[in-house]
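Worth knowing before you read on, the calculation uses all heavy atoms, side chains too, and leaves out hydrogens, waters and symmetry mates.
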Protein chains: 2
Amino acid sequence: MGTDLDSVFAALADPTRRAILSMLLEDDMAVTDVAEPFEMSLTGISKHLNILAQAGLITQERRGRVKWCKLDPDALRDASIWMQGFGQFEAVNLDAFERFLAAEISAAGMEAEEP
Amino acid sequence: MGTDLDSVFAALADPTRRAILSMLLEDDMAVTDVAEPFEMSLTGISKHLNILAQAGLITQERRGRVKWCKLDPDALRDASIWMQGFGQFEAVNLDAFERFLAAEISAAGMEAEEP
DNA sequence: CGCATAGTCAACCGTCCGGTTGACTATGGC
DNA sequence: GCCATAGTCAACCGGACGGTTGACTATGCG
């Protein structure tokens, strides 16, 4: 519904919006608080938030007079899955992934281990 | 250089361009051949290809009078990595990934095998 | 009640985007 | 040499985008 790739990728194509997502990664925030670190009008930020919400990347819940913004990674996952279709060949098996894989394999070899 | 997230995500935000990438996934193609299935002028497709190239998603090599377009997944990988920062929780492609992982692990167990 | 705070709405502005057409430049086949 | 093929360039068009300002609504505080 709000998860079509067009709007998701379009939403991600703006550095301000990506920065907002990064901020929301740490904690839910009110619109005004989101706007604070940016040199931009509150209206401008509000628009960006609407775009993110419409793309399904965040959800917004009004509580009293403050509107809380919360990251919603589902849409991101959809986009990520689409992208991984291209990575399968050779992108996937790079450095980080290979190390992760090696760790996983050796872990499977020694059976069970919980830090 | 051509790998900033702005241009990559912007390039991905168009359905025609995503379709082109999918086509190039199967094989390298000449500009005219890329254009063929679309109801759009050759110039239009050429522009899309330039946008993809500038984003680093494809490379173009001119051989004779035909310009070959080739998928270049590196830029996609960068974007994918950025996105996975948000997916850490649960994202990374469950099903397909887990099956791949299981196959990889069992393959590692039986040591060597080249089709 | 009165005022500050949180946020939206509507209008506007300049710029970029997706797409077209028409003219143009190469390269290749006969 | 001639013509078809491959592709680009430049100009143009409507519409969307990023951003601003000013007026407005609504909730909370004292």
Quiz prompt | Whole angstrom value for the distance that separates P of C/dG18 from NE2 of B/His48 | solution = 6 Å
Quiz item: Looking at the side chain of A/Val66, which of C/dG7, D/dG18, D/dT8 is the nearest nucleotide?
Solution: C/dG7
Quiz item: With respect to the side chain of A/Thr16, which nucleotide from C/dC9, D/dG7, D/dG19 is positioned closest?
Solution: D/dG19
Practice problem: Return the value, rounded to whole Å, for the distance between atom CH2 of A/Trp68 and atom P of D/dT27. | Solution: 17 Å
Exercise. Please state whether the phosphate of D/dG7, meaning OP1 or OP2, lies under 4.0 angstrom from any side-chain nitrogen or oxygen of B/Ser46.
Key: no
Quiz item: Within the structure, does a side-chain N or O atom of B/Lys67 lie under 4.0 Å from either OP1 or OP2 of C/dA26?
Solution: no
Quiz prompt | Distance in angstrom units between A/Phe9 CZ and D/dC17 P, rounded | solution = 17 Å
Practice problem: Give A/Gly64 one of three labels, base, sugar-phosphate or nothing, depending on what nucleic acid heavy atoms sit under 4.0 Å from its own. | Solution: sugar-phosphate
Self-check item: Closest-nucleotide 5' rank along DNA chain D - winner of A/Asp14 and A/Thr43
Solution: A/Asp14
Quiz item: Taking atom C1' of D/dC17 as reference, at what distance in whole Å does atom CG of A/Asp6 sit?
Solution: 15 Å
Quiz item: Roughly how many Å is it from CD in A/Glu39 to C1' in D/dG18, rounded to a whole number?
Solution: 16 Å
Exercise. Specify the separation, in whole Å, of atom CD of A/Glu36 and atom P of C/dA6.
Key: 12 Å
Quiz item: Closest to the A/Leu42 side chain: C/dT8, D/dG7, C/dT21?
Solution: C/dT8
Quiz item: Quick one: which of C/dA4, C/dG7, D/dG7 gets closest to the side chain of A/Arg62?
Solution: C/dG7
Quiz item: What nucleic acid atoms does B/Ala30 come within less than 4.0 Å of, heavy atoms only: base, sugar-phosphate, or nothing?
Solution: sugar-phosphate
Quiz item: Under a 4.5 Å cut-off applied to non-hydrogen side-chain atoms, are B/Asp28 and B/Leu71 in contact?
Solution: no
Quiz prompt | Heavy-atom pair with the smallest gap, counting every atom of B/Ser80 and A/Gln84 | solution = OG-CG, 4.4 Å
Practice problem: Measure across A/Arg17 and A/Ala10 and return the closest heavy-atom pair with its distance rounded to 0.1 Å. | Solution: NH2-O, 3.2 Å
Exercise. Give the rounded distance in Å between these two atoms: CZ of A/Arg18 and C1' of D/dG18.
Key: 15 Å
Quiz item: Using a cut-off of 4.0 Å on non-hydrogen atoms, how would the nucleic acid contact of A/Arg63 be classed: base, sugar-phosphate, or nothing?
Solution: nothing
Self-check item: Nearest atoms (heavy-atom pairs only) where A/Leu49 meets A/Cys69
Solution: CD1-SG, 3.9 Å
Practice problem: Remember a base hit wins even if backbone is also touched, and classify B/Ser41 as base, sugar-phosphate or nothing at under 4.0 Å, heavy atoms. | Solution: base
Quiz prompt | Given C/dT8, D/dG7, D/dT8, the nucleotide with the shortest approach to the side chain of B/Thr32 | solution = D/dG7
Quiz prompt | Backbone of A/Ala11 reached by a side-chain donor or acceptor of A/Arg18 within 3.5 Å | solution = no
Self-check item: Quiz item: B/Lys47 side-chain donor-acceptor pair to C/dG19 base, under 3.5 Å
Solution: yes
Exercise. Mind calculating the distance between CD1 (A/Ile45) and P (D/dG19) to the nearest angstrom?
Key: 8 Å
Quiz item: Which of these nucleotides, C/dG19, C/dG28, C/dT20, is closest to any side-chain atom of B/Arg65?
Solution: C/dG28
Quiz item: Looking only at heavy atoms, which two atoms of B/Thr32 and B/Leu42 are closest? And how far apart?
Solution: CA-CD1, 4.1 Å
